[in-house]
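Below is one structure, written out as structure tokens; comments come after it.
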Amino acid sequence: MLRTLLCQRGIVLNKELSNMVVEDIKFNNINFNKKTSLKELLIIIERCDFVLKRCV
């Protein structure tokens with residue numbers, strides 16, 4: 001389900017992007033005792049993908 005949503009948005013989930021998303025969620029959500037919804041997860045993935053594309 002998640003891969004199809006990402007493919008529709010033109011995002012390829014790889015290990016580097018996955019690690020970046022996990023670190024972002026750990027730092028910004030878990031530390032503040034917040035839960036991450038699917039909508040928020042997609043937004044975080046889009047931001048991380050954008051950053052990775054700019055760095056490469």
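Under a hydrophobic clustering in which Ile, Leu, Val, Met, Phe, Trp and Tyr are joined whenever their side-chain heavy atoms come within less than 4.5 Å, directly or via other members, Leu5 and Ile44 fall into the same cluster. Residue Val21 is grouped with residue Leu2 when hydrophobic side chains (ILVMFWY) are merged at heavy-atom distances under 4.5 angstrom, including chains of intermediate members.
Here the side chains of Leu52 and Cys48 are not in contact, with every heavy-atom distance at 4.5 Å or above. A heavy-atom distance below 4.5 Å is not found between the side chains of Asp49 and Leu6. Considering only heavy atoms from C-beta on, Leu42 comes within 4.5 Å of Arg9 through its side chain. Side-chain contact between Glu40 and Ile25: absent, with no pair of heavy atoms (C-beta onward) separated by less than 4.5 Å. Within the 4.5 Å cutoff, the side chain of Leu38 has heavy atoms near those of the Met1 side chain.
Within the model, atoms CG of Asp24 and CG of Leu41 stand 10.0 Å from one another, a figure rounded to the nearest 0.5 Å. Atom OG of Ser18 sits about 10.0 Å away from atom CD of Glu23, to the nearest 0.5 Å. Here the NZ atom belonging to Lys53 is positioned 9.5 Å from the CG atom belonging to Leu17, to the nearest 0.5 angstrom. Between atom CD1 of residue Ile11 and atom CD of residue Glu46 there is a gap of 5.0 Å, rounded to the nearest 0.5 Å.
Nearest heavy-atom pair, Phe32 versus Phe27, reported as atom, atom and distance to 0.1 Å: CE1-O, 3.9 Å. Taking all atoms of both residues into account, the shortest heavy-atom contact from Leu13 to Arg3 is O-NH1, 4.1 Å.
Partners of Glu16 by salt bridge (charged side-chain N to carboxylate O under 4.0 Å, His left out), not counting sequence neighbours: none found.
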